[in-house]
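Remarks on the structure that follows.
Index from 1, following the sequence.
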Amino acid sequence: MATKKETPIANAETLEQKVNNEEAASSEAKKIRMNDPLFDWSKIHDFSKNDYVAAAAKHGEKKLYHIHIEVDEDESYDYLAVRPSKSVMMAVADYGKKELIDQANAVLIKNCVLAGDMDALEDFMVYSYVMNNLRKITEQAETFFNKA
């Protein structure tokens, strides 16, 4: 199945359309690199290129993702996320077994969303979109744990 190719920032769809369109949502979490000419560092709330260098040194550049959300033409949010570690996924799995979904999601947000407007996560549409993208990033890890 062919997937559409997008630049990390340019996208005119609204958040509600994206939430309803899983294929579009899955294409939003983009791996980013420090010298990517299409990426505008100022879009991520309270984040700079130096912060990215520090995050890449700590987590590894290949594990970093940019999540862009457009609620409408005047409102958008950008987040820097990292692929979860084994210990994070173990904690999420433990909460999941106990059916404590809110706590599992809180662990993912706290450990995987490195930068962005955290206050905007109080908006359920933004929160659900970020969680959907984190789910896409972690699908391979979840498959491993489900087999174990």
Side-chain angles (χ1 to χ4, degrees), residues 1 3-4 6 8-9 11 13-34 36 39-148:
M1 174 161 78
T3 59
K4 63 182 179 178
E6 301 175 3
I9 302 300
N11 192 337
E13 289 181 287
T14 66
L15 176 62
E16 188 171 359
Q17 290 168 327
K18 290 178 186 175
V19 169
N20 292 327
N21 184 343
E22 192 167 301
E23 181 177 84
S26 68
S27 67
E28 280 303 304
K30 298 282 188 181
K31 288 188 179 185
I32 57 174
R33 299 294 177 257
M34 185 171 59
D36 186 344
F39 187 70
D40 179 359
W41 296 99
S42 66
K43 296 251 182 199
I44 297 180
H45 185 74
D46 291 335
F47 192 75
S48 70
K49 198 168 188 175
N50 290 337
D51 295 325
Y52 177 84
V53 171
K58 180 177 180 179
H59 301 285
E61 191 175 36
K62 290 182 179 181
K63 295 179 182 177
L64 298 178
Y65 294 83
H66 170 233
I67 299 173
H68 175 72
I69 303 163
E70 282 192 24
V71 176
D72 59 36
E73 62 187 42
D74 297 327
E75 183 181 6
S76 66
Y77 301 95
D78 291 88
Y79 295 90
L80 181 71
V82 63
R83 196 168 58 216
S85 66
K86 178 182 172 185
S87 61
V88 169
M89 289 310 297
M90 293 298 278
V92 169
D94 187 47
Y95 282 124
K97 287 178 189 175
K98 297 174 186 172
E99 297 183 16
L100 300 171
I101 304 306
D102 288 341
Q103 288 89 338
N105 289 347
V107 167
L108 279 175
I109 293 286
K110 181 181 177 188
N111 292 283
C112 296
V113 179
L114 303 178
D117 188 347
M118 298 305 180
D119 292 336
L121 293 173
E122 291 301 316
D123 180 331
F124 182 74
M125 288 179 70
V126 175
Y127 174 81
S128 64
Y129 196 73
V130 168
M131 290 306 300
N132 184 45
N133 277 274
L134 289 176
R135 181 184 60 81
K136 299 275 184 210
I137 293 168
T138 61
E139 275 182 338
Q140 291 178 345
E142 289 174 5
T143 300
F144 171 78
F145 285 114
N146 287 335
K147 291 180 180 180

**Step-by-step side chain to side chain contact (heavy atoms under 4.5 Å, CB included) determination, Val88 to Lys110** = CA-CA 10 Å; Val88 169; Lys110 181 181 177 188; over 6 Å; no

**Request:** Test side chain to side chain contact (heavy atoms under 4.5 Å, CB included) on Asp123 and Tyr77 and set out the steps.
**Result:** CA-CA 11 Å; Asp123 180 331; Tyr77 301 95; 5.5 Å; no

**Prompt:** Considering all heavy atoms of both residues, which atom of His45 and which atom of Gly116 are nearest to each other, and what is their separation?
**Reply:** CB-C, 3.6 Å

**Item:** Short side-chain to backbone donor-acceptor contact, Asn132 and Tyr129, under 3.5 Å
**Value:** no

**His59 side chain near Leu114 side chain, heavy-atom distance below 4.5 Å** = yes

**Message:** Would you compute the distance between atom CG of Asp78 and atom CD1 of Ile69 and round it to the nearest 0.5 angstrom?
**Reply:** 8.0 Å

**Message:** In the structure I gave you, are the side-chain heavy atoms of Gln103 and Val107 within less than 4.5 Å of one another anywhere?
**Reply:** no

**Message:** Return the SG to CG distance between Cys112 and Leu80, rounded to the nearest 0.5 Å.
**Reply:** 11.0 Å

**Request:** Mind checking the CG-CZ spacing from Asn105 to Arg135? Nearest 0.5 Å is all I need.
**Result:** 11.5 Å

**Request:** For residues Lys62 and Arg83, report the shortest heavy-atom separation together with the two atoms involved.
**Result:** O-NH1, 4.0 Å

**Request:** Report the residue from Val126, Ile44, Asn133, Leu134 that forms a side-chain contact (heavy atoms from CB on, under 4.5 Å) with Tyr79.
**Result:** Val126

**Message:** Could you report the tightest heavy-atom contact between Val92 and Ala104, atom names first, then the distance?
**Reply:** CG2-O, 3.8 Å

